[in-house]
Amino acid sequence: MKLTLRVWRQPSPQVKGKMANYHLTDVSEDMSFLEMLDVLNEQLILDGEDPIAFDHDCREGICGSCGLMINGIAHGPEQTTTCQLHMRSFSDGDTIDIEPWRSGGFPVVKDLVVDRSAFDRIISAGGFISAPTGTAPDAHATPVPKVDADAAFDAATCIGCGACVAACPNGSAMLFTAAKVTHLGLLPQGQPERDARVVRMVAQQDAEDFGGCTNIGECSAVCPKGISMETISRLNHDLLGALRANAVPTS
């Protein structure tokens with residue numbers, strides 16, 4: 001395939017970015033999207049130009065490091081991670097726009113790389129459980145209903161890629177926060193910190209310059225792990241319960 005790529009180039013956070021045009025020929029449909037960018041970078045290096053910076057690590061759809069806006073869609077036209085998107089999803093002669101995640105909570109570091117440390121701070125604010133040390137408990141010592149175990153597992157599949165934030169018109173991180181709150185809140189081990197967890201994590205999310213959730217649903221639609229908006233309902237339920245339980249009487 002022959003492709004025209006319009007790529008966001010921004011040398012640093014202090015410099016205003018712009019779209020740059022590049023042309024590639026002989027792109028195999030079996031390449032992954034990141035392999036295609038590797039080919040482009042090899043071409044740029046041979047031409048004496050600065051290669052395009054983009055995040056990646058495992059390239060197996062597990063780590064959540066990769067993340068690009070491709071033609072205005074988080075991770076591109078398929079509901080998968082960018083590293084698992086293949087060029088067969090595009091056609092010969094296509095023009096492809098490639099941009100970094102769009103959010104005030106994800107400031108651009110360089111080109112397509114954004115700082116997602118806000119997610120780490122949200123988790124640090126409450127995404128943990130306290131557990132006694134010592135001998136490991138028997139496997140079935142703490143029974144968990146299957147429906148709760150399944151829901152907790154589904155929420156725990158979140159890889160923190162940030163697609164939910166990038167896709168949301170409000171730039172909300174609610175699906176990410178809800179997934180982390182839900183998978184701990186559904187399990188017996190997560191009950192001691194349940195109220196404090198949701199309050200602290202939502203407060204940290206708000207402090208990180210993410211927008212508010214208005215239940216548009218774009219987050220779940222692009223989530224590569226298919227995390228349901230039901231997790232947001234669970235977060236709201238826990239948050240309201242925690243606020244009511246700790247409310248100070250007015251009289």
Side-chain angles (χ1 to χ4, degrees), residues 10 12-14 53-58 62-69 74-75 81-82 99-131 152 154-187 189-214 216 218-220 222-225 227 229 231-243 246:
Q10 186 171 348
S12 71
Q14 293 75 34
F54 61 93
D55 269 330
H56 63 95
D57 193 0
C58 73
I62 298 171
C63 69
S65 293
C66 64
L68 304 172
M69 296 295 292
H75 287 309
T81 54
T82 301
E99 302 166 87
W101 282 160
R102 303 166 174 172
S103 171
F106 292 155
V108 172
V109 176
K110 181 179 180 181
D111 296 338
L112 304 175
V113 178
V114 298
D115 180 358
R116 284 178 286 185
S117 59
F119 273 8
D120 297 329
R121 291 189 290 273
I122 291 173
I123 293 175
S124 296
F128 59 88
I129 64 169
S130 60
D154 289 344
T157 59
C158 171
I159 57 177
C161 66
C164 51
V165 175
C168 178
N170 304 327
S172 173
M174 188 64 87
L175 190 69
F176 166 80
T177 305
K180 300 305 178 183
V181 166
T182 294
H183 92 258
L184 295 175
L186 284 171
L187 301 176
Q189 297 89 338
Q191 298 313 304
E193 292 87 11
R194 184 170 181 173
D195 286 356
R197 176 186 303 117
V198 67
V199 171
R200 290 173 183 169
M201 293 182 75
V202 170
Q204 187 64 42
Q205 171 194 268
D206 292 342
E208 295 292 346
D209 201 24
F210 292 112
C213 175
T214 51
I216 294 173
E218 290 292 330
C219 53
S220 184
V222 300
C223 175
K225 299 304 177 181
I227 294 175
M229 288 186 67
T231 58
I232 297 178
S233 298
R234 291 182 182 275
L235 179 146
N236 287 331
H237 176 272
D238 280 7
L239 181 61
L240 288 174
L243 294 176
N246 296 282

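Every value quoted in this text rests on a predicted model; they were computed, and no experiment measured them. Here, residue 1 is the first one in the sequence, and each next residue gets the next number.
- Asp238 CG to Leu243 CG: the interatomic distance, rounded to the nearest 0.5 Å, is 10.5 Å.
- In this view, Ile159 and Thr81, Cys161, Pro224, Lys225 satisfy the side chain to side chain contact (heavy atoms under 4.5 Å, CB included) rule, not counting sequence neighbours.
- Taking CD of Gln14 as the start and OG of Ser12 as the end, the distance is 4.5 Å to the nearest 0.5 Å.
- Taking each heavy atom of Arg116 and Gly160 in turn, the nearest pair found is NH1-O, 4.3 Å.
- Take Asp115 and apply the side-chain hydrogen bond (donor to acceptor under 3.5 Å, both in side chains) test, not counting sequence neighbours, and it matches Ser117.
- Applying the side chain to side chain contact (heavy atoms under 4.5 Å, CB included) test to Asp154 and every residue at least two apart in sequence or in another chain returns nothing.
- Side-chain contact between Pro100 and Val113 is absent, with no heavy-atom pair separated by less than 4.5 Å.
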Check residues 163-171 and write down every donor-acceptor pair under 3.5 Å in which the side-chain atom is one partner and the other belongs to a residue at least two apart or another chain.
unit_1: Asn170; atom_1: ND2; unit_2: Gly212; atom_2: O; d: 3.0
unit_1: Asn170; atom_1: ND2; unit_2: Thr214; atom_2: OG1; d: 2.8

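- The ring-ring contact (aromatic ring centres under 6.0 Å, His included) test applied to His56 returns Phe54, not counting sequence neighbours.
- Across all non-hydrogen atoms, the minimal contact from Phe176 to Cys158 is CD1-SG, 3.7 Å.
- The side chain to side chain donor-acceptor pair (under 3.5 Å) analysis of residues 101-114, with sequence neighbours excluded, yields the pairs Arg9-Asp111, Asp50-Lys110, Glu99-Arg102.
- Evaluation of the side chain to side chain contact (heavy atoms under 4.5 Å, CB included) rule for Ala203 yields no partner, not counting sequence neighbours.
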Open item on the list: Run Asp55 and Leu112 through side-chain contact (heavy atoms from CB on, under 4.5 Å) and show every step you take.
Closed with: CA-CA 7 Å; Asp55 269 330; Leu112 304 175; over 6 Å; no
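- Taken from CE in Met229 to CE in Met174, the straight-line distance is 10.0 Å, to the nearest 0.5 Å.
- The two residues Leu186 and Gln191 make their nearest non-hydrogen contact at C-NE2, 4.2 Å.
- The distance from atom CG of Asn236 to atom SG of Cys213, rounded to the nearest 0.5 Å, is 7.0 Å.
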Open item on the list: If you apply the rule side-chain contact (heavy atoms from CB on, under 4.5 Å), what do you find for Leu235 with Thr231, and how did you get there?
Closed with: CA-CA 6 Å; Leu235 179 146; Thr231 58; over 6 Å; no
Open item on the list: Walk me through whether Val114 and Val109 qualify under side-chain contact (heavy atoms from CB on, under 4.5 Å).
Closed with: CA-CA 5 Å; Val114 298; Val109 176; 5.7 Å; no
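- One distance of note links CG of Leu239 with CD1 of Ile232; it measures 12.5 Å at 0.5 Å rounding.
- Within the structure, every pair that satisfies the salt bridge (charged side-chain N to carboxylate O under 4.0 Å, His left out) test and touches residues 197-206, not counting sequence neighbours, is listed here: Glu193-Arg197.
- With sequence neighbours excluded, the residues that form a side chain to side chain contact (heavy atoms under 4.5 Å, CB included) with Gln189 are Ile129, Leu187.
- Interatomic distance, Phe128 CZ to Ile123 CD1, rounded to the nearest 0.5 Å: 12.5 Å.
- Taking both residues in full, the closest heavy atoms of Pro192 and Ser130 are given as CB-OG, 4.3 Å, listed atom of the first, atom of the second, then distance.
- Scanning all heavy atoms of the two residues, the minimum distance from His75 to Gly67 falls at CE1-CA, 3.8 Å.
- Summarising the geometry of Arg121 relative to Gln204, their closest heavy-atom pair is O-CG, 3.5 Å, with the distance given to 0.1 Å.
- You'll find the side chain of Asp195 stays beyond 4.5 Å of the side chain of Val199, heavy atoms only.
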